[in-house]
Amino acid sequence: MSTIHDIRSSHFKSDAREAIANVELRGALARAQEQSNSKRDRAIQRIADDWESMRDQASAIKTWTLENLGEQLELFERNAVKNGIQVHWAEDAENACRLVNEICADAEARSVIKSKSMVTEEIGLNHTLEAAGLEVVESDLGEWIVQIAGETPSHIVAPAIHHTRESIHRLFEETLGRKIPTDAESMTMVAREVLRQAFLRADVGITGVNYLVAETGSFLVLENEGNQRLTTSLPRVHIAVSGIEKIVPRLADLDLFLRMIGRSGTGQVVTTYQNLFCGPRRSPDEDGPRDMHMVLVDNGRTKLLASEKRRQTLQCIRCGACLNICPVYRQIGGHAYGSVYPGPIGSIFTPQVAGLHKASQLPFASSLCGACKDVCPVKIDIPGILLDLREEIAEHGEGQRDQETELKMKRESPAFRRWSSLMQSPRKYRMSGALVRTMALIASHTSLFDRFIPPLSAWRSTRSVPRPEGGSFRARWRRRTEANR
Amino acid sequence: MSDRENILNAVRKALESTGDAKSACTLPELSRPRLEGTQETLIGRFIEEVEAVSGRVHRLANIDSAARQLETLIRAGKTESLAVSRDPIARAISSRVLGRHVVVDPEDNQDAIAEADMGLTGVRLAIAEHGTLMLAPEDDHGRLAALLPPHHVAVLAVSQLVGTLAEAIEHLASDSQPATITFVSGPSRTADIEQTLVIGIHGPALLDILLIEDTQEEDHPS
Ligand code: SF4
């Protein structure tokens, strides 16, 4: 059975309410979002003319690959095996964890070092390995912070984004049992020292994967810190865990994706390190891993393939841009989504993979403003898929939703059905956008709206209407790029 | 049935149900970006990009001037020990510099490199458009020397510079692929504490690139 580790998305409403009340959290999120968005804008402006055609190409490559997924996976496997990589397949989280556990046992490992990987969070790998008596250390600074805090990541690119410097400082002093300076640089150096020892004693290194390359049987993983280089250089064994959708057909495709993912996610032109793995160590390199394993994980992904629309969910390159732009994420942060995949992408990925009954509120955790679709480098129609999921919840109600959702549905469905029809037509959408902006301008100034205009009054009772800033996102975006030419 | 068969069957079944849409979709041709201009343009762009990500490039005429530059770096960083990969140019340069060297050899243990203050290695090639070094550890056994010490000095001949990432990938596709390739753009960095940029976390905090015009070894009076 496919599942997502530690899922508590059915508590979405109460968790979100709690998050909104947390002033420290909201401050941290707002600062972080503003910074990432302005960095992203600057990085993309440098190539403004090409950006749209790059998105088209990236999306087309991903679409093609998903339509040929079976052949591409088999091709990858054949070539990877030729390169000396041991390839394993896991239908669900449980089997994936068992496989990794067995590899560790065969290697007589006692200590495992990990570099940031969302899929291992999804399958709850650390939990399984620790239960088997292994020491598991997360080596990405953000992941390590989250690990010693006993939490899950709240952002797919910046796991500890919900923490302030003060809270991290408290955590470090408590964990290490000594006084340390309070500035970010000194704290980072303390982490370097502590983690370097963990690298040197690790027997197995575990990483995720950004791109599997079918034609060469190699795979690429991105990072900034160098922890992944260490994870794949010092231990005897390297285990990579990848969702089956992470595949691209050609080595040359990497060029396009590498130019896009850094700009989209962290606003970097490219990430500091990009590691391309093509097998275990070869003479005269005596330091690489002796054994290299690849675990290909389904865990519910094949369920998404049957519908052309929903299949797009699997195009995601996990850049994080949709989280950074999302007004809902900004208010509630990652943890309220109750899944290791938060934000807009999480709201479509989690319910499809873990089952609608486990996360029926998530498709409603969006105002359908469309910003996520506009920033997505592979052009996933997130609002469209959200509507599709809402429809399914509405139609097959029984057993697919909890009481909270049931109630919401009753109040909101007529309005959203109209919205759904608007979303299908770009012209109607633009016109309605202008109308809504005008209404929202009134609404943000007055409470009349709340009381007198159903169904918006029901919707408005749990949300504050953001004040629209001069025109649509599309119009603002155009102005900004023009101003920078 | 095995997990492998189950997954591949599930993929096939799901895609068959939407069969007709498939034929319409083709894999797009890639635009393979190139940088226009002379070698001087490439060098200029390379330096600009490396500096933008907090690395440094030193333009040097030959191996002797590279050795002098290395000495300056060693003095400035109060470097006590240097790990040198087997790259012939790196060796030629380091042999002209006095000091405690850990010359990386098979017998060498990890600890000696881990304790070095500086690592000196070669590169397979470098990419101007993003200020990137392409390292292939099996070329010169420089995997740990480029990674463990807090200061990485890379030796690069002008002739190893290409314009774009697309070109570098084409080189890779034509060669037999090395087991590991690492693309390096600047020193290691993190922003995990309140989005504050800190240079140097797990990888090197300092990256110096010795860009050498002429790497021919002249007869050197000993
Ligand atoms: S859905 Fe798009 S924007 Fe969001 S993380 Fe995935 S690729 Fe990035």
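Each chain gets a letter, A, B and so on, in the order the sequences are listed, and its residues count up from 1.
When atom types are taken as modelled, the side chain of A:R229 and the backbone of B:R143 share no donor-acceptor pair closer than 3.5 angstrom.
Taking NE2 of B:H130 as the start and OG1 of A:T272 as the end, the distance is 13.0 Å to the nearest 0.5 Å. How far CZ of B:F183 is from CG of A:L222: 10.5 Å, rounded to the nearest 0.5 Å. Atom CD in A:Q274 sits 6.5 Å away from atom OG1 in B:T132 (nearest 0.5 Å). With values rounded to the nearest 0.5 angstrom, B:I201 atom CD1 is found 8.0 Å from A:D140 atom CG. Residue A:S167 holds its OG atom at 8.0 Å from CD of B:E194, rounded to the nearest 0.5 Å. With values rounded to the nearest 0.5 angstrom, A:Y273 atom OH is found 9.0 Å from B:L135 atom CG.
Side-chain contact between B:I193 and A:H163: absent, with no pair of heavy atoms (C-beta onward) separated by less than 4.5 Å. For the pair B:H202 and A:E223, the minimum side-chain heavy-atom distance is 4.5 Å or more. Between B:L144 and A:L234 the shortest side-chain heavy-atom distance falls below 4.5 Å. Using a 4.5 Å heavy-atom cutoff, the side chains of B:P33 and A:D255 are in contact.
A:I168 touches chain B through its side chain: at least one heavy atom from C-beta onward sits under 4.5 Å away, while N, CA, C and O do not.
None of B:D3, B:N6, B:I7 except one satisfies the side-chain contact (heavy atoms from CB on, under 4.5 Å) rule with A:D298; the exception is B:I7.
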Before you tell me yes or no, could you show the steps for A:E225 and B:T190 under side-chain hydrogen bond (donor to acceptor under 3.5 Å, both in side chains), namely the whole-Å CA-CA distance, both residues' side-chain angles and the distance that decides it to 0.1 Å?
CA-CA 6 Å; A:E225 296 185 357; B:T190 183; 2.8 Å; yes
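Proximity to chain A among residues 160-167 of chain B is limited to B:L165, B:A166, judged by heavy-atom separations below 4.5 angstrom.
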